[in-house]
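Atoms within each ligand, like the ligands themselves, are counted from 1 in listed order. Position 1 is the first residue of the sequence; numbering continues from there.
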Amino acid sequence: MSDCDKTALSGLTLDQLVAFSKEIGLPAFRGKQLHSWIYAKYAQSFDEMTDLSVEVRELLKSKATIALLEIAHLEVSRDGTRKYLFRLPDGKFVESVLMAFDDRPSLSACVSSQVGCAVGCTFCATGYLGFKRNLNSQEIVDQIMCIQRESGRRIANIVYMGQGEPLLNVENVCDSIRTIMASVGIGARHITVSTSGIVPGIRELAKQGLQITLALSLHAPDDITRDIIVPINKKFPVADLIDACHEYYDATGRRITVEYVMLAGVTDWPDQAEQLADLVRNLHCNVNLIPYNPTSADDGALVYERPSKDDQFRFRKIVERSGKTVTIRLERGTDINAACGQLHNSFAETKQGH
Ligand code: SF4
């Protein structure tokens, strides 16, 4: 049996591992042992599973692999940020990013939920590529496990802010969140789902009873600007989005993170700061301002200018009149362009409020 015909185990739930064990003629408790080796000990091979007999290990080797994803490329930034390019079983690729912060011991990972993206934000290379397909739950969970196996370190926070729009893949994203909570051992309060503003997806997520954080990538306070830079806005305009965020808070009690990318001359005008302050004044939220980071023009995304520090601070001062906590993003991994649409690590400063 070639490796591609074998069953990959990492990313499966406990029930699925038990079912697999039975399928290959092993008792159910072997599934529990596999679960422990994969999720608690980050086993990379069946030979490490020393409480299994040699015969059982050989049987497993003949029927299964541990990882579903393959690390096709890894870049490490000067600040310790690690960007992974994963090859999926069908040969397509997605990226994940691992971020370490000097001021706290815990690690955060940014995962992808789709191959490509249909939303088409003008500043985002993934949007330019277009939508290819949804990731399934196992493909999402194994991004985290691959990172833990490769780095040997435990991830404490997850953000769905890599490639793709998670709320256009709600079912798989919610399944993966449940597996992350039950198997990887990361609590809901350490998980953030970031959306470009899919109103039905926000409502669906609110119904799930998960205590996760919702991050709204707002990026512009008015429909005219937002229609251009986040084209899904034509379908779900700003007022509807803010209503959906209120509903999310009412259903979950979780404060929203409002993400706002500052593009010089496009979204950083003082009157836009005032409109943003008005929008968030009555919303239970924090605001995270993301100064645009110009990347190379050859990735297909439009290239904008980054506002000056003075303009960034002026903007923040105005938004602070809303009474909300307003932070400006901490830079991570810029030397390796560890970005999906500039948004990959924008939660870095805002997590403190959740
Ligand atoms: S920023 Fe996010 S939602 Fe927008 S195109 Fe890129 S991946 Fe899609």
Proximity of F93 and H73 rings by center, below 6.0 Å:
no

Atom of L168, atom of N134 and distance for their closest heavy-atom approach:
O-OD1, 3.9 Å

For residues 251-281, the ring pair (Phe, Tyr, Trp, His ring centres under 6.0 Å) pairs (sequence neighbours left out) are Y260-F315

For ligand 1, which atoms have a heavy atom of G164 less than 4.0 angstrom away?
7 (S)

Number the atoms of ligand 1 from 1 as they appear, then name those within less than 4.0 Å of a heavy atom of G120, with their elements.
5 (S)

So if I count the atoms of ligand 1 from 1 in the order they appear, which ones are less than 4.0 Å from some heavy atom of C117?
3 (S), 5 (S), 7 (S), 8 (Fe)

With no hydrogens and no angle check, just 3.5 Å: does a side-chain donor-acceptor pair link S10 and Y39?
no

